[in-house]
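Worksheet: the structure to be examined is printed underneath.
The structure displayed is predicted, hence computed values, not measured ones.
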Amino acid sequence: MTHSPDSNPTLSAAEAAELIRSLLHKEGTWVDWGKKCQQLQKSGYGAEEIFEQSGFQKVQQNLVIVASQVYESLVKQGIDETVLAYFRGPKSDVLYELRISTISNGRSPQWRPSKKLGRR
């Protein structure tokens with residue numbers, strides 16, 4: 001899909017350019033990247049266009065978008081900060097896989113952090 005300037009009046013061209021610039025420089029965490037990619041896509045930017053401007057491949061965009069959604073669901077559930085900090089590391093692939101657990105049983109995954117998480 002090609003970007004249409006009128007796709008979402010809440011995201012100006014300057015705001016979109018800032019999101020692209022931030023992605024290009026990989027500012028923030030993968031959670032931030034997922035939110036930015038999703039915001040751009042919802043504003044009418046196609047995955048290919050985001051890739052061309054930021055270097056984030058389509059597959060990577062999908063992974064960080066879905067993983068950031070799973071991460072946000074954990075935050076909303078009040079998951080312990082130790083667990084959240086663990087997943088803020090390079091764990092987007094792990095959270096991406098958890099989407100299957102959520103979809104298959106219709107409920108959000110329940111977390112019980114093991115003692116091993118605190119040792120890393």
Side-chain angles (χ1 to χ4, degrees):
M1 175 164 100
T2 304
H3 171 65
S4 168
D6 298 323
S7 297
N8 185 350
T10 61
L11 187 62
S12 70
E15 290 169 325
E18 176 56 26
L19 292 174
I20 293 286
R21 186 204 60 75
S22 180
L23 288 169
L24 180 64
H25 296 287
K26 292 195 163 111
E27 295 176 349
T29 67
W30 64 263
V31 177
D32 301 319
W33 304 340
K35 290 177 183 178
K36 291 171 185 174
C37 287
Q38 184 174 33
Q39 189 176 2
L40 286 165
Q41 287 183 8
K42 284 184 175 183
S43 297
Y45 286 81
E48 183 65 27
E49 186 176 8
I50 295 169
F51 166 65
E52 290 170 0
Q53 295 184 36
S54 71
F56 272 79
Q57 295 180 3
K58 293 180 198 180
V59 172
Q60 186 180 17
Q61 290 174 46
N62 183 56
L63 186 138
V64 294
I65 288 170
V66 172
S68 69
Q69 292 169 343
V70 173
Y71 179 87
E72 287 302 317
S73 74
L74 296 176
V75 170
K76 287 178 184 175
Q77 288 183 31
I79 300 302
D80 185 80
E81 179 57 33
T82 305
V83 176
L84 295 175
Y86 173 79
F87 283 119
R88 274 192 307 268
K91 304 293 182 200
S92 59
D93 56 332
V94 174
L95 288 180
Y96 179 84
E97 294 302 326
L98 286 178
R99 84 199 185 289
I100 296 168
S101 171
T102 303
I103 292 170
S104 67
N105 68 17
R107 296 179 296 175
S108 297
Q110 298 298 311
W111 288 95
R112 290 181 180 79
S114 71
K115 294 178 183 177
K116 292 180 182 178
L117 288 179
R119 293 183 187 162
R120 287 190 167 195

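- Shown here are the salt bridge (Lys or Arg N to Asp or Glu O under 4.0 Å) partners of E27, two or more places apart in sequence or in another chain: R21.
- Summarising the geometry, atom CD1 belonging to I20 is positioned 10.0 Å from atom CZ belonging to F56; distances are rounded to the nearest 0.5 Å.
- Across every non-hydrogen atom of Y45 and A16, the tightest pair is OH-CB, 3.2 Å.
- For the pair W30 and S68, the tightest heavy-atom approach, listed with the atom from each and the gap, is CZ3-N, 3.5 Å.
- Summarising the geometry of I50 relative to Q41, their closest heavy-atom pair is CD1-CG, 3.6 Å, with the distance given to 0.1 Å.
- Of the possible donor and acceptor atoms, none in the side chain of S22 sits under 3.5 Å from a partner among the backbone N and O of E18.
- K58 pairs by the salt bridge (Lys or Arg N to Asp or Glu O under 4.0 Å) definition with E48, not counting sequence neighbours.
- Put simply, V64 and V31 are part of the same group of oily side chains (I, L, V, M, F, W, Y) that touch within less than 4.5 Å, one to the next.
- With contacts defined as side-chain heavy-atom distances shorter than 4.5 Å, the pair L40/Q61 does not qualify.
- Residues E15 and Q39 fail the side-chain proximity criterion, which asks for heavy atoms closer than 4.5 Å.
- Every pair tested for salt bridge (Lys or Arg N to Asp or Glu O under 4.0 Å) that includes a residue from residues 60-69 fails, sequence neighbours excluded, so the list is empty.
- At distances below 3.5 Å, not a single donor-acceptor pair connects side-chain atoms of N62 with backbone N or O atoms of V59.
- A search for side chain to side chain contact (heavy atoms under 4.5 Å, CB included) contacts involving L84 returns Y71, L74, V75, I79, E81, R88, not counting sequence neighbours.
- Residues satisfying the side chain to side chain donor-acceptor pair (under 3.5 Å) criterion with E72, sequence neighbours excluded, are K35.
- Rounded to the nearest 0.5 Å, atoms CG (L23) and CD (Q60) are 9.5 Å apart.
- F51 and V66 fall into different hydrophobic clusters, where Ile, Leu, Val, Met, Phe, Trp and Tyr side chains are chained together by heavy-atom contacts under 4.5 Å.
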